[in-house]
Amino acid sequence: MKALAERLQESVRARTARIGIIGLGYAGLPLAVAFAETGFRVLGFDTDPAKVDDLERGKSYLGSIAPERIATLREQRLLRATADLNRLSEADALLICVPTPLGEDRQPDLRFVVETGHAIAEVLEAGRIVILESTTFPGTTAEVLAPLLEKNGLQAGEDFFLAYSPEREDPGNPRFGLASIPKVVGGTDPVSSSIAAALYRTIVPEVVLVSSAAVAEAGKLT
(Lines give C-alpha, C1' and ligand atoms only; values in the text may rest on other atoms or scores of the structure.)
Protein backbone atom coordinates (compact mmCIF):
# COMPACT_ATOMS: atom_id res chain seq x y z
CA MET A 1 0.00 0.00 0.00
CA LYS A 2 2.81 2.43 0.85
CA ALA A 3 4.31 2.29 -2.63
CA LEU A 4 0.90 2.80 -4.27
CA ALA A 5 0.15 5.76 -2.02
CA GLU A 6 3.52 7.39 -2.58
CA ARG A 7 3.21 7.02 -6.35
CA LEU A 8 -0.23 8.64 -6.33
CA GLN A 9 0.88 11.42 -3.97
CA GLU A 10 3.82 12.22 -6.22
CA SER A 11 1.60 12.37 -9.31
CA VAL A 12 -0.67 14.83 -7.47
CA ARG A 13 2.30 17.02 -6.50
CA ALA A 14 3.60 16.97 -10.08
CA ARG A 15 0.13 17.62 -11.56
CA THR A 16 0.50 14.48 -13.67
CA ALA A 17 -2.40 12.63 -12.01
CA ARG A 18 -5.32 12.29 -14.39
CA ILE A 19 -8.58 13.56 -12.92
CA GLY A 20 -11.99 12.11 -13.76
CA ILE A 21 -15.12 14.04 -12.74
CA ILE A 22 -18.35 12.05 -12.92
CA GLY A 23 -21.37 14.34 -13.20
CA LEU A 24 -20.85 17.72 -14.88
CA GLY A 25 -23.59 19.76 -13.24
CA TYR A 26 -23.37 22.79 -10.96
CA ALA A 27 -20.89 20.98 -8.68
CA GLY A 28 -18.92 18.83 -11.11
CA LEU A 29 -18.15 21.34 -13.86
CA PRO A 30 -16.62 24.02 -11.58
CA LEU A 31 -14.52 21.26 -10.01
CA ALA A 32 -13.35 20.07 -13.42
CA VAL A 33 -12.47 23.60 -14.49
CA ALA A 34 -10.59 24.28 -11.25
CA PHE A 35 -8.40 21.21 -11.61
CA ALA A 36 -7.77 21.87 -15.30
CA GLU A 37 -6.82 25.50 -14.69
CA THR A 38 -4.30 24.27 -12.11
CA GLY A 39 -2.60 22.14 -14.75
CA PHE A 40 -4.21 18.73 -14.33
CA ARG A 41 -5.58 16.83 -17.30
CA VAL A 42 -9.29 16.40 -16.62
CA LEU A 43 -11.80 14.09 -18.26
CA GLY A 44 -15.43 14.84 -17.41
CA PHE A 45 -18.19 12.26 -17.62
CA ASP A 46 -21.90 12.92 -18.06
CA THR A 47 -24.87 10.99 -19.41
CA ASP A 48 -26.32 14.18 -20.94
CA PRO A 49 -25.02 14.34 -24.52
CA ALA A 50 -25.85 18.05 -24.75
CA LYS A 51 -23.44 18.88 -21.91
CA VAL A 52 -20.71 16.73 -23.42
CA ASP A 53 -21.22 18.32 -26.83
CA ASP A 54 -21.09 21.85 -25.42
CA LEU A 55 -17.85 21.22 -23.55
CA GLU A 56 -16.23 19.48 -26.49
CA ARG A 57 -17.06 22.54 -28.60
CA GLY A 58 -15.60 24.88 -25.99
CA LYS A 59 -18.93 26.17 -24.70
CA SER A 60 -20.30 26.62 -21.17
CA TYR A 61 -23.83 25.88 -19.99
CA LEU A 62 -23.33 27.41 -16.52
CA GLY A 63 -23.64 31.15 -16.07
CA SER A 64 -20.92 31.11 -13.40
CA ILE A 65 -18.32 29.81 -15.88
CA ALA A 66 -17.45 31.97 -18.87
CA PRO A 67 -17.31 30.08 -22.17
CA GLU A 68 -13.85 31.53 -22.80
CA ARG A 69 -12.51 29.50 -19.87
CA ILE A 70 -13.88 26.28 -21.33
CA ALA A 71 -12.58 27.13 -24.79
CA THR A 72 -9.10 27.87 -23.48
CA LEU A 73 -8.90 24.63 -21.51
CA ARG A 74 -10.18 22.72 -24.50
CA GLU A 75 -7.51 24.25 -26.72
CA GLN A 76 -4.85 23.41 -24.13
CA ARG A 77 -6.10 19.80 -24.06
CA LEU A 78 -6.57 20.03 -20.30
CA LEU A 79 -10.35 19.51 -20.27
CA ARG A 80 -12.28 16.94 -22.24
CA ALA A 81 -15.75 15.46 -21.82
CA THR A 82 -17.31 12.12 -22.69
CA ALA A 83 -20.33 9.93 -22.04
CA ASP A 84 -18.25 6.75 -22.40
CA LEU A 85 -17.88 5.24 -18.92
CA ASN A 86 -15.33 2.75 -20.24
CA ARG A 87 -12.91 5.66 -20.19
CA LEU A 88 -13.11 5.79 -16.38
CA SER A 89 -10.03 3.57 -16.53
CA GLU A 90 -7.99 6.56 -17.78
CA ALA A 91 -8.25 8.45 -14.47
CA ASP A 92 -6.01 8.20 -11.40
CA ALA A 93 -8.51 10.12 -9.26
CA LEU A 94 -12.26 9.70 -9.76
CA LEU A 95 -14.53 12.29 -8.17
CA ILE A 96 -18.24 11.44 -8.03
CA CYS A 97 -20.54 14.47 -8.31
CA VAL A 98 -23.80 12.80 -9.32
CA PRO A 99 -27.24 13.93 -8.04
CA THR A 100 -28.79 12.45 -4.90
CA PRO A 101 -32.34 13.84 -5.05
CA LEU A 102 -34.66 13.36 -2.09
CA GLY A 103 -37.19 10.56 -2.55
CA GLU A 104 -40.76 10.41 -1.27
CA ASP A 105 -39.43 9.32 2.13
CA ARG A 106 -37.21 12.45 2.24
CA GLN A 107 -34.09 10.29 2.06
CA PRO A 108 -31.36 10.79 -0.57
CA ASP A 109 -31.88 8.61 -3.62
CA LEU A 110 -28.53 6.85 -4.07
CA ARG A 111 -29.40 5.29 -7.41
CA PHE A 112 -26.86 7.36 -9.36
CA VAL A 113 -24.15 6.81 -6.75
CA VAL A 114 -24.72 3.06 -6.89
CA GLU A 115 -24.73 3.02 -10.69
CA THR A 116 -21.51 5.00 -10.74
CA GLY A 117 -19.93 2.68 -8.18
CA HIS A 118 -20.71 -0.33 -10.36
CA ALA A 119 -19.23 1.40 -13.42
CA ILE A 120 -16.03 2.33 -11.60
CA ALA A 121 -15.65 -1.17 -10.15
CA GLU A 122 -15.55 -2.61 -13.65
CA VAL A 123 -12.37 -0.69 -14.50
CA LEU A 124 -10.84 0.16 -11.10
CA GLU A 125 -7.13 -0.56 -10.79
CA ALA A 126 -4.77 -0.57 -7.82
CA GLY A 127 -3.31 2.80 -6.85
CA ARG A 128 -6.34 4.92 -7.75
CA ILE A 129 -8.44 7.13 -5.46
CA VAL A 130 -12.22 7.50 -5.53
CA ILE A 131 -13.84 10.48 -3.80
CA LEU A 132 -17.58 10.91 -3.32
CA GLU A 133 -18.85 14.50 -3.30
CA SER A 134 -22.61 13.95 -3.60
CA THR A 135 -24.75 15.01 -0.64
CA THR A 136 -25.74 11.97 1.38
CA PHE A 137 -26.12 10.50 4.85
CA PRO A 138 -23.26 9.36 7.14
CA GLY A 139 -22.04 5.89 6.27
CA THR A 140 -22.64 6.04 2.53
CA THR A 141 -18.97 6.06 1.51
CA ALA A 142 -17.85 3.20 3.75
CA GLU A 143 -21.02 1.12 3.85
CA VAL A 144 -22.54 1.61 0.38
CA LEU A 145 -19.81 2.73 -2.02
CA ALA A 146 -16.86 0.74 -0.65
CA PRO A 147 -18.52 -2.71 -1.04
CA LEU A 148 -19.42 -1.87 -4.65
CA LEU A 149 -15.85 -0.86 -5.47
CA GLU A 150 -14.43 -3.94 -3.74
CA LYS A 151 -16.57 -6.46 -5.63
CA ASN A 152 -13.72 -7.42 -7.99
CA GLY A 153 -11.24 -8.15 -5.22
CA LEU A 154 -9.52 -4.84 -4.55
CA GLN A 155 -9.64 -3.57 -0.96
CA ALA A 156 -10.22 0.04 0.03
CA GLY A 157 -7.29 1.41 2.00
CA GLU A 158 -5.00 -1.30 0.70
CA ASP A 159 -5.28 -1.52 -3.08
CA PHE A 160 -7.14 1.71 -3.77
CA PHE A 161 -8.08 4.79 -1.74
CA LEU A 162 -11.51 6.11 -0.82
CA ALA A 163 -12.73 9.38 0.67
CA TYR A 164 -15.65 11.77 1.00
CA SER A 165 -15.57 15.52 0.45
CA PRO A 166 -18.92 17.27 0.20
CA GLU A 167 -19.50 19.71 -2.61
CA ARG A 168 -20.01 23.24 -1.28
CA GLU A 169 -21.32 25.02 -4.36
CA ASP A 170 -23.98 27.71 -3.93
CA PRO A 171 -25.29 28.19 -7.48
CA GLY A 172 -25.72 31.82 -8.44
CA ASN A 173 -23.80 33.18 -5.46
CA PRO A 174 -21.22 35.64 -6.88
CA ARG A 175 -19.36 36.08 -3.57
CA PHE A 176 -18.48 32.51 -2.70
CA GLY A 177 -17.33 29.73 -4.98
CA LEU A 178 -15.03 26.74 -5.07
CA ALA A 179 -11.87 28.84 -4.87
CA SER A 180 -12.97 30.67 -1.70
CA ILE A 181 -14.67 27.98 0.40
CA PRO A 182 -12.75 25.61 2.73
CA LYS A 183 -13.07 21.93 1.72
CA VAL A 184 -13.96 19.29 4.29
CA VAL A 185 -12.23 15.96 3.59
CA GLY A 186 -12.48 12.60 5.32
CA GLY A 187 -11.19 9.23 4.16
CA THR A 188 -12.13 5.69 5.06
CA ASP A 189 -8.56 5.34 6.37
CA PRO A 190 -5.73 7.76 7.20
CA VAL A 191 -3.83 7.24 3.94
CA SER A 192 -6.93 7.89 1.85
CA SER A 193 -7.56 11.05 3.90
CA SER A 194 -4.02 12.27 3.27
CA ILE A 195 -4.14 11.69 -0.49
CA ALA A 196 -7.57 13.31 -0.88
CA ALA A 197 -6.48 16.32 1.17
CA ALA A 198 -3.34 16.74 -0.96
CA LEU A 199 -5.44 16.64 -4.10
CA TYR A 200 -7.89 19.31 -2.95
CA ARG A 201 -5.12 21.56 -1.63
CA THR A 202 -4.14 22.16 -5.24
CA ILE A 203 -7.42 24.01 -5.92
CA VAL A 204 -8.88 25.38 -2.66
CA PRO A 205 -7.52 27.84 -0.07
CA GLU A 206 -8.04 25.57 2.93
CA VAL A 207 -8.66 21.87 3.53
CA VAL A 208 -10.35 20.85 6.76
CA LEU A 209 -9.27 17.27 7.39
CA VAL A 210 -11.67 15.33 9.62
CA SER A 211 -11.33 11.91 11.23
CA SER A 212 -13.40 9.83 8.83
CA ALA A 213 -15.62 9.82 5.77
CA ALA A 214 -18.67 9.56 8.03
CA VAL A 215 -17.69 12.76 9.88
CA ALA A 216 -17.31 14.58 6.55
CA GLU A 217 -20.74 13.28 5.48
CA ALA A 218 -22.28 14.47 8.74
CA GLY A 219 -20.56 17.83 8.35
CA LYS A 220 -22.35 18.51 5.06
CA LEU A 221 -25.73 17.76 6.58
CA THR A 222 -24.96 19.91 9.60
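Computed from a predicted model, the values in this text were never measured in an experiment. Residues take their numbers from the sequence shown, with the count starting at 1.
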Any chance you could lay out the side chain to side chain contact (heavy atoms under 4.5 Å, CB included) test for Val130 and Phe161, step after step, and finish with the verdict?
CA-CA 6 Å; Val130 178; Phe161 309 99; over 6 Å; no

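- For the atom pair OG1 (Thr82) and CG (Leu55), the distance works out to 11.0 Å, reported to the nearest 0.5 Å.
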So Phe160 and Gln155, side chain to side chain contact (heavy atoms under 4.5 Å, CB included) or not? Walk me through it.
CA-CA 6 Å; Phe160 70 95; Gln155 295 296 308; 5.7 Å; no

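- Contact annotation: the side chain of Pro166 approaches that of Val184 to within less than 4.5 Å [non-hydrogen atoms, C-beta and beyond].
- For Pro108 against Leu102, the heavy-atom pair with the smallest separation is N-CD2, 3.8 Å.
- Applying the ring pair (Phe, Tyr, Trp, His ring centres under 6.0 Å) definition to pairs two or more places apart or across chains, those involving residues 32-68 are Phe35-Phe40.
- For Arg201, there are no salt bridge (Lys or Arg N to Asp or Glu O under 4.0 Å) partners two or more places apart in sequence or in a different chain.
- Under a 3.5 Å cut-off, the side chain of Thr100 and the backbone N or O of Thr135 do form a donor-acceptor pair.
- Leu132 and Leu43 end up in the same hydrophobic cluster when Ile, Leu, Val, Met, Phe, Trp and Tyr side chains are linked at under 4.5 Å.
- A continuous path of hydrophobic side-chain contacts links Leu199 to Leu4 [ILVMFWY only; heavy atoms under 4.5 Å].
- Hydrophobic cluster membership differs between Val42 and Val52, with clusters built from Ile, Leu, Val, Met, Phe, Trp and Tyr side chains linked at under 4.5 angstrom.
- Ile181 and Val208 fall into different hydrophobic clusters, where Ile, Leu, Val, Met, Phe, Trp and Tyr are joined by side-chain heavy atoms under 4.5 Å apart, directly or via other members.
- Val191 and Leu145 end up in different hydrophobic clusters when Ile, Leu, Val, Met, Phe, Trp and Tyr side chains are linked at under 4.5 Å.
- Asp48 pairs by the side chain to side chain donor-acceptor pair (under 3.5 Å) definition with nothing, not counting sequence neighbours.
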For Arg13 and Glu10, what are the C-alpha separation, side-chain angles and deciding distance, and is it a salt bridge (charged side-chain N to carboxylate O under 4.0 Å, His left out)?
CA-CA 5 Å; Arg13 284 191 291 268; Glu10 178 54 36; 3.0 Å; yes

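- Looking only at atom types and distance, the side chain of Glu125 has no donor-acceptor partner in the side chain of Ser89 under 3.5 Å away.
- When all heavy atoms of Leu24 and Ala81 are compared, the pair lying nearest together is CD1-CB, 4.3 Å.
- Taking the side chain as every heavy atom from C-beta outward, Leu209 and Tyr200 never approach each other to under 4.5 Å.
- Separating the CD atom in Glu6 from the CD1 atom in Ile195 is a distance of 10.0 Å, to the nearest 0.5 Å.
- Between Glu133 and Tyr164, the side chains place no donor N or O within less than 3.5 Å of an acceptor N or O (distance only, hydrogens not considered).
- The minimum heavy-atom distance linking Gly187 with Ser193 is given by the pair N-OG, 2.7 Å.
- Side-chain atoms of Ile22 and Val98, non-hydrogen and from C-beta on, do get closer than 4.5 Å to each other.
- A donor-acceptor pair under 3.5 Å is absent between the side-chain atoms of Asp54 and the main chain of Lys59, judged by distance alone.
- With a 4.5 Å cut-off on side-chain heavy atoms, Ile96 and Ser134 count as touching.
- A distance of 10.0 Å separates CG in Asp46 from CG in Leu85, rounded to the nearest 0.5 Å.
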Quick one, Cys97 with Leu31, criterion side chain to side chain contact (heavy atoms under 4.5 Å, CB included). Give me CA distance, side-chain angles, the key distance, then yes/no.
CA-CA 9 Å; Cys97 302; Leu31 195 64; 3.8 Å; yes

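- Here the closest non-hydrogen pair linking Leu124 and Leu149 is CD2-O, 3.9 Å.
- Between Leu29 atom CG and Ile70 atom CD1 the span is 5.0 Å, to the nearest 0.5 Å.
- Nearest heavy atom pair, residue Gly157 against residue Asp189, reads CA-OD1, 3.3 Å.
- Pairs engaging residues 134-163 under the salt bridge (Lys or Arg N to Asp or Glu O under 4.0 Å) rule: Glu122-Lys151 [sequence neighbours left out].
- Of all the heavy atoms in Ala214 and Pro138, the pair that sits closest is O-CB, 3.9 Å.
- Distance check: Glu115 CD to Thr47 OG1 gives 9.0 Å after rounding to the nearest 0.5 Å.
- Proximity of Leu73 to Gln76: side-chain heavy atoms (C-beta onward) are separated by under 4.5 Å at one or more points.
- Annotation: salt bridge (Lys or Arg N to Asp or Glu O under 4.0 Å) contacts of Arg74 (sequence neighbours excluded): Glu56.
- Between the OG1 atom in Thr136 and the CD atom in Glu217 there is a gap of 6.0 Å [rounded to 0.5 Å].
- Here salt bridge (Lys or Arg N to Asp or Glu O under 4.0 Å) pairs that include residues 82-95, with residues two or more places apart or in two chains, are Arg18-Asp92, Arg87-Glu90, Asp92-Arg128.
- No side-chain heavy atom of Ile129 sits less than 4.5 Å from a side-chain heavy atom of Leu94.
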Side chain to side chain contact (heavy atoms under 4.5 Å, CB included) between Arg69 and Glu37, worked out:
CA-CA 9 Å; Arg69 295 171 70 187; Glu37 289 182 334; 2.9 Å; yes

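- Side-chain atoms of Gln9 and Ser194 include a donor-acceptor pair closer than 3.5 Å.
- Contact check for Ile65 versus Pro30: side-chain heavy atoms found under the 4.5 Å cut-off.
- With a 4.5 Å cut-off on side-chain heavy atoms, Leu162 and Thr141 count as touching.
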